[in-house]
Amino acid sequence: MMYLHKVFYADKKNFESIYKNRFDFEETLRTKLYIKPYKHDRSYELYYVYNQKTTKLMDRVWQNDMLLANLESKLPFIAKRAFLVEIISGELQSTNELEGVRSSKREIVETTRKLVASGRGRHERFYSMINSYLLLKDSLEVPKDLKDVRKIYDEITAGEIKESDRPDGHYFRKEVVYVQKKNAVDGEIIHRGILGEERIESKVRRLLDFMSDDTVDLLLRIAIGHYYFGYIHPFYDGNGRVSRFIGSLYLVEKYNYLTAMSLARGSWIRKADYYKAFSTTNLPQNRGEMNGFVDSFLKLLVAGQEDIIDYLNKNLEKLSRAEECIDQDNGLGTNFKKTVMFFLSQNYHFDYNSGIERRELINFIDDGVSEYRATQEFEELEKDGYIKRIKNRPITYVLDTSFMGKL
């Protein structure tokens with residue numbers, strides 16, 4: 001099926017009748033969500049025409065979701081914990097880059113690692129955002145009212161929105177806001193957010209009603225809702241970040257949390273298509289048709305999933321080789337030493353060789369070896385060039401470079 005905005009240029013003579021037939025088709029999803037394109041007098045109801053192409057994309061999301069769950073189940077403990085740090089920090093870094101927020105991956109990783117390991121880092125930059133993504137995995141719920149939407153905004157944007165760009169209404173903004181075309185030299189305006197907080201509130205309530213309609217497939221609701229949140233533009237700044245996080249909240253209701261954390265990653269990977277999908281859907285000649293946006297949204301979600309799948313496959317393969325190398329190394333004479341090396345190999349492949357405290361390693365192994373004997377084994381590993389001490393208080397080890405060369 002040719003998207004309607006393309007029909008406009010390909011078959012102008014029959015454009016209006018094609019639009020009417022699609023919109024009036026018995027099986028068409030009519031959303032009761034309305035838009036009025038910028039500098040255009042007519043409003044259009046968002047609609048979606050069911051088709052096989054989109055169904056196949058939905059199936060691919062589902063298949064990738066099952067694959068992600070299977071791959072994650074193969075991760076041993078240290079790798080699983082480190083992978084959680086990687087996936088949260090990667091998603092947050094992607095959304096920061098999409099929003100133009102300056103941050104370093106290292107800074108985010110270090111704060112995430114503190115939070116995952118011990119709950120520390122409350123005063124670090126990005127703490128609130130990282131904690132929200134961590135809670136996304138287990139306990140957060142989708143927003144049910146305007147207050148919930150504002151609460152999510154406050155958590156996700158904490159410390160990253162200029163005071164002048166904070167909402168000045170009860171929940172949302174009061175004044176007008178314009179969206180400029182990405183990378184346009186002349187600052188071309190392509191959209192104006194909904195005017196007036198009362199109208200914004202009304203539109204957001206209608207959006208929440210649509211999102212709660214479980215007669216519509218969840219992926220369709222998330223994709224359409226993501227567009228409509230951007231169309232409303234309820235805040236002066238941070239709308240994309242909040243909308244992606246809300247989308248993740250809905251995803252985790254039915255899909256693996258790794259799929260939920262694929263959204264910003266995929267949006268960054270396909271960012272040109274991501275921005276184009278919004279601007280194209282806003283066009284008058286698109287008449288509110290959502291098929292193009294839904295397909296683009298699903299493709300970016302798939303891209304995010306498959307980026308994580310590729311990461312897991314590569315690192316699980318590397319870890320498997322490390323395990324074989326450890327088993328075949330005659331210099332590692334005890335199970336304790338082999339276990340230490342396997343734990344540090346997980347840290348090497350999944351957590352940038354950041355190191356593990358000696359006390360933590362002993363607690364992890366817990367095989368009845370006395371603390372005195374364990375200390376001797378660590379000293380022997382260090383002396384023989386298997387591990388390296390990178391910190392004395394507390395004593396912390398990483399794999400030595402001489403052993404890394406074997407991996």
Side-chain angles (χ1 to χ4, degrees), residues 4 19 22-25 27-38 40-50 140-154 156 167-179 190-236 238-251 253-254 263 277-284 286-294 297:
L4 191 68
Y19 162 62
R22 289 185 181 184
F23 186 82
D24 292 337
F25 182 56
E27 295 302 318
T28 291
L29 169 64
R30 288 178 287 277
T31 65
K32 298 179 183 176
L33 303 174
Y34 291 85
I35 66 168
K36 189 163 81 167
Y38 183 56
H40 193 71
D41 295 332
R42 185 175 168 186
S43 294
Y44 302 101
E45 182 178 357
L46 299 184
Y47 72 93
Y48 167 79
V49 183
Y50 288 94
L140 287 186
E141 295 182 352
V142 299
K144 297 198 169 44
D145 54 30
L146 304 182
K147 183 180 178 182
D148 288 345
V149 175
R150 176 57 189 269
K151 184 178 179 182
I152 289 169
Y153 170 87
D154 289 338
I156 291 299
D168 49 3
H170 187 59
Y171 295 115
F172 308 115
R173 59 177 170 81
K174 288 181 179 179
E175 304 300 330
V176 67
V177 66
Y178 294 95
V179 179
I190 57 173
H191 176 60
R192 183 182 65 192
I194 297 297
L195 294 174
E197 191 178 20
E198 285 188 8
R199 291 189 65 224
I200 292 173
E201 290 180 357
S202 175
K203 296 284 188 184
V204 174
R205 286 193 189 96
R206 181 66 201 99
L207 173 58
L208 292 174
D209 287 343
F210 173 75
M211 295 301 294
S212 66
D213 182 0
D214 58 13
T215 65
V216 179
D217 186 276
L218 179 62
L219 288 176
L220 282 179
R221 279 183 276 150
I222 294 170
I224 294 171
H226 188 67
Y227 165 76
Y228 201 60
F229 193 95
Y231 171 79
I232 299 169
H233 226 73
F235 304 105
Y236 292 113
N239 292 280
R241 179 192 298 281
V242 173
S243 185
R244 285 186 294 273
F245 186 79
I246 290 174
S248 294
L249 283 174
Y250 280 97
L251 278 167
E253 287 196 321
K254 184 177 179 181
L263 187 47
F278 278 99
S279 59
T280 300
T281 308
N282 287 340
L283 294 173
N286 190 63
R287 296 286 199 275
E289 183 176 275
M290 289 303 301
N291 286 69
F293 189 90
V294 168
F297 183 89

Participant: Between Y236 (side chain) and E175 (backbone), is there a donor-acceptor pair under 3.5 Å?
Facilitator: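 Yes, because the side chain of Y236 sits within donor-acceptor range (under 3.5 Å) of the backbone of E175.
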Participant: Can you tell if the side chain of L251 reaches within under 4.5 Å of the side chain of L219, non-hydrogen atoms only?
Facilitator: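 When only atoms from C-beta onward are counted, L219 and L251 do touch, with a gap below 4.5 Å.
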Participant: Can you tell me how far CD of E197 sits from CZ of R173, rounded to the nearest 0.5 angstrom?
Facilitator: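 So the gap between those two atoms works out to 9.5 Å.
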Participant: Kindly give the heavy-atom pair with the smallest separation between I200 and P234, and that separation in Å.
Facilitator: CG2-CB, 3.7 Å
Participant: Find the distance between CZ (R287) and CD1 (I35) and round it off to the nearest 0.5 Å.
Facilitator: 10.5 Å
Participant: Do R221 side-chain atoms and V216 backbone N/O form a donor-acceptor pair below 3.5 Å?
Facilitator: yes
Participant: With sequence neighbours left out, what residues match V179 under side-chain contact (heavy atoms from CB on, under 4.5 Å)?
Facilitator: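 Here the qualifying residues are I190, H191, H233.
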Participant: Kindly indicate, with the supporting measurements, whether the criterion ring-ring contact (aromatic ring centres under 6.0 Å, His included) is fulfilled by Y48 and Y50.
Facilitator: CA-CA 6 Å; Y48 167 79; Y50 288 94; 5.1 Å; yes
Participant: Do we see a donor-acceptor contact under 3.5 Å between the side chains of Y44 and N286?
Facilitator: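 Y44 vs N286: no donor-acceptor pair found between side chains.
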Participant: State, to 0.1 Å, how close P167 and R150 come at their nearest heavy-atom pair, and which atoms those are.
Facilitator: CB-NH1, 3.7 Å
Participant: Does the T281 side chain pair with the main chain of A277, one donor and one acceptor, at a distance under 3.5 Å?
Facilitator: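 Yes; at least one donor-acceptor contact below 3.5 Å.
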Participant: Does D41 have more than 12 heavy atoms from other residues, nucleotides or ligands lying within 6.0 Å of its CG?
Facilitator: no
Participant: CE/M211 to CD1/I222 distance, rounded to the nearest 0.5 angstrom?
Facilitator: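 Between M211 CE and I222 CD1, I get 5.5 Å after rounding to 0.5 Å.
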Participant: What distance separates L208 CG from D213 CG, expressed to the nearest 0.5 Å?
Facilitator: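 One finds 13.0 Å between CG of L208 and CG of D213.
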Participant: Which ring pair (Phe, Tyr, Trp, His ring centres under 6.0 Å) pairs, counting each pair once, include a residue from residues 192-222, with sequence neighbours left out?
Facilitator: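 Counting only pairs at least two positions apart or across chains, no ring pair (Phe, Tyr, Trp, His ring centres under 6.0 Å) contact touches residues 192-222.
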Participant: In Å and rounded to the nearest 0.5 Å, what is the CD to OH distance from E141 to Y250?
Facilitator: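 Those atoms lie 11.0 Å apart.
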Participant: Report the residue from V294, I224, V49 that forms a side chain to side chain contact (heavy atoms under 4.5 Å, CB included) with L29.
Facilitator: I224
Participant: Once side chain to side chain donor-acceptor pair (under 3.5 Å) is applied, do any residues pair with Y47, and if so which ones, sequence neighbours excluded?
Facilitator: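 With sequence neighbours excluded, Y47 shows a side chain to side chain donor-acceptor pair (under 3.5 Å) to E289, given in chain and number order.
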Participant: Has H170 got more than 12 heavy atoms of other residues, nucleotides or ligands less than 6.0 Å from its NE2?
Facilitator: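 Count not over threshold, so no.
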Participant: Quick one: closest heavy-atom pair of I194 and R199, and the distance?
Facilitator: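 For I194 and R199, the tightest heavy-atom pair comes out as CG2-CB, 3.7 Å.
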Participant: With sequence neighbours excluded, what pairs up with F172 under the ring pair (Phe, Tyr, Trp, His ring centres under 6.0 Å) test?
Facilitator: F235
Participant: Between L283 and P37, is any pair of side-chain heavy atoms under 4.5 Å apart?
Facilitator: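 No, their side chains stay 4.5 Å or more apart.
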Participant: Angle class for the F23/Y19 ring planes (parallel below 30°, perpendicular above 60°, tilted otherwise)?
Facilitator: tilted
Participant: Who passes side-chain contact (heavy atoms from CB on, under 4.5 Å) against Y34, sequence neighbours left out?
Facilitator: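 E45, K203.
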Participant: To the nearest 0.5 Å, what is the distance between OH (Y171) and CG (D154)?
Facilitator: 11.5 Å
Participant: Return yes when atom NZ of K32 has more than 12 non-hydrogen atoms of other residues, nucleotides or ligands closer than 6.0 Å, and no otherwise.
Facilitator: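 Incorrect, the count does not exceed 12.
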Participant: Please set out all donor-acceptor pairs under 3.5 angstrom arising from side-chain atoms of residues 240-247, sequence neighbours excluded.
Facilitator:
unit_1 : atom_1 : unit_2 : atom_2 : d
R241   : NH1    : N96    : OD1    : 3.0
R241   : NH2    : N96    : OD1    : 2.7
S243   : OG     : H226   : ND1    : 2.8
R244   : NE     : T95    : OG1    : 3.0
R244   : NH1    : Y274   : OH     : 3.0
R244   : NH2    : T95    : OG1    : 2.8
R244   : NH2    : E99    : OE2    : 3.0

Participant: Pair F293, N282 - check side-chain contact (heavy atoms from CB on, under 4.5 Å), show working.
Facilitator: CA-CA 10 Å; F293 189 90; N282 287 340; over 6 Å; no
Participant: Between F278 and Y231, is the ring centroid distance below 6.0 Å?
Facilitator: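 That pair fails the under 6.0 Å test.
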